[in-house]
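Data block below; observations after.
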Amino acid sequence: DRFNTDEAKKAVLTCLDDNSTTVVGAAVRVLAKYRGDAEVLQAVLKLMESDRARIRETVAELLPLYASHDVVPTLLAYYKDDSSRNVRANCLKSLRRLMNRDLGEEVEDWNKWWMAERDTPVKELVDEGFRQKGYGITGNTDRKTVGEYIRALADENDYIRHNAVT
């Protein structure tokens with residue numbers, strides 16, 4: 001944890017300005033360690049304003065790492081209006097992963113659901129997504145729950161597998 005310092009965080013934040021999508025993507029992954037830090041989250045979300053579609057695409061794909069309600073409005077906005085098909089696709093994929101459910105491809109369905117559920121903690125939303133798919137997730141770390149997460153690793157839905165691994 002010697003890299004878990006303000007100095008390290010600031011150094012990684014400077015990487016968000018790099019010209020390489022690979023460097024920016026790596027920085028976004030590393031910064032997820034600071035997911036509770038408002039400064040970090042705002043810096044990462046600001047990348048969605050980039051004029052480079054590849055940067056927006058990469059960031060949209062990685063936003064579920066932050067496990068935060070604060071990313072949902074950004075994902076919804078760029079899913080609805082981004083000029084890049086790949087960015088929109090990654091926004092939808094990230095919404096599915098972050099919320100552990102699939103509400104289809106209509107942005108209005110996602111908006112309606114989000115307005116009703118936005119005060120529910122992310123962990124509860126994820127667990128509810130498992131239960132809706134028939135997994136006996138209890139929120140505990142007992143053997144039965146661990147077994148359900150292992151069973152979910154074989155699910156045909158990417159968002160269920162992703163959250164089971166997480």
Side-chain angles (χ1 to χ4, degrees), residues 1 3-4 12 21-37 40-41 44-45 47-48 53-82 84-166:
D1 276 274
F3 294 108
N4 193 13
V12 178
T21 304
T22 303
V23 171
V24 172
V28 170
R29 280 184 187 86
V30 169
L31 288 168
K33 178 176 187 172
Y34 304 95
R35 70 178 58 140
D37 186 311
V40 168
L41 186 57
V44 170
L45 289 175
L47 290 170
M48 290 299 290
R54 185 68 180 116
I55 293 286
R56 295 191 313 275
E57 183 180 332
T58 299
V59 172
E61 179 181 11
L62 297 174
L63 283 175
L65 295 174
Y66 288 79
S68 170
H69 281 66
D70 295 333
V71 306
V72 174
T74 299
L75 287 169
L76 286 169
Y78 283 86
Y79 175 54
K80 180 180 179 187
D81 293 327
D82 200 273
S84 166
R85 184 177 56 84
N86 290 339
V87 172
R88 290 191 312 273
N90 279 356
C91 286
L92 180 59
K93 182 175 161 184
S94 288
L95 284 165
R96 288 172 172 157
R97 283 183 168 178
L98 182 61
M99 297 300 133
N100 207 33
R101 66 196 71 243
D102 187 356
L103 300 178
E105 296 183 6
E106 295 297 324
V107 73
E108 287 312 314
D109 292 340
W110 283 97
N111 273 324
K112 267 197 297 190
W113 177 81
W114 177 242
M115 295 321 264
E117 299 293 338
R118 66 181 173 209
D119 293 328
T120 306
V122 171
K123 172 106 175 74
E124 287 180 31
L125 293 172
V126 168
D127 287 350
E128 180 58 28
F130 279 117
R131 285 188 291 277
Q132 286 179 358
K133 286 283 291 176
Y135 296 102
I137 303 300
T138 62
N140 300 323
T141 55
D142 58 18
R143 285 180 181 234
K144 182 177 188 262
T145 299
V146 171
E148 289 296 289
Y149 282 123
I150 291 170
R151 192 167 71 89
L153 292 172
D155 197 277
E156 73 277 0
N157 291 299
D158 172 67
Y159 58 94
I160 292 287
R161 290 192 314 272
H162 171 82
N163 282 313
V165 168
T166 302

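Heads up: numbering here begins at 1 and tracks the sequence. A quick note: this is a predicted structure, and the numbers were derived from the prediction, not measured.
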Looking at [X] and [Y], what are the two nearest heavy atoms and their distance?
X	Y	result
Leu65	Arg35	O-NH2, 3.0 Å
Ala60	Val87	CB-O, 4.3 Å
Cys91	Leu75	CB-O, 3.6 Å
Asn163	Arg97	ND2-O, 2.5 Å

Hey, could you give me the [atom1]/[atom2] distance between [X] and [Y], rounded to the nearest 0.5 Å?
X	Y	atom1	atom2	result
Thr120	Met99	OG1	CE	9.5 Å
Ser94	Leu62	OG	CG	7.5 Å
Leu63	Leu45	CG	CG	6.0 Å
Arg101	Lys133	CZ	NZ	12.0 Å
Lys33	Leu31	NZ	CG	11.0 Å

Test side-chain contact (heavy atoms from CB on, under 4.5 Å) applied to Tyr66 and Val40, Val122, Asp37, Leu98, the passing residue:
Val40
So do [Y] and [X] actually touch side chain to side chain, heavy atoms under 4.5 Å?
X	Y	answer
Leu103	Lys112	no
Asn100	Gln132	no
His162	Arg96	no

Partners of [X] by salt bridge (Lys or Arg N to Asp or Glu O under 4.0 Å), sequence neighbours excluded?
X	answer
Arg151	Glu148
Lys93	none
Asp81	none
Glu106	none

So, using side-chain hydrogen bond (donor to acceptor under 3.5 Å, both in side chains) as the criterion, who are the partners of [X] when residues are at least two apart?
X	answer
Arg88	none
Asp109	none
Asn90	none
Asp82	Arg56

Does any pair with a residue in residues 57-79 pass salt bridge (Lys or Arg N to Asp or Glu O under 4.0 Å), and if so which ones, sequence neighbours excluded?
Arg54-Glu57
Residues two or more places apart in sequence or in another chain: which of them pass side-chain contact (heavy atoms from CB on, under 4.5 Å) with Val146?
Ile150
Listed by chain and number, what are the side-chain contact (heavy atoms from CB on, under 4.5 Å) partners of Leu47, not counting sequence neighbours?
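Testing Leu47 for side-chain contact (heavy atoms from CB on, under 4.5 Å), a comparison that skips the adjacent residues, returns Leu16, Val24, Val28, Ile55, Val59.
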Might you work through the side-chain contact (heavy atoms from CB on, under 4.5 Å) test for Glu117 and Leu125, ending with a clear yes or no?
CA-CA 8 Å; Glu117 299 293 338; Leu125 293 172; 3.8 Å; yes
Does any pair with a residue in residues 108-138 pass ring pair (Phe, Tyr, Trp, His ring centres under 6.0 Å), and if so which ones, sequence neighbours excluded?
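Applying ring pair (Phe, Tyr, Trp, His ring centres under 6.0 Å) to every pair that reaches into residues 108-138, excluding sequence neighbours, yields His69-Trp114, Phe130-Tyr149.
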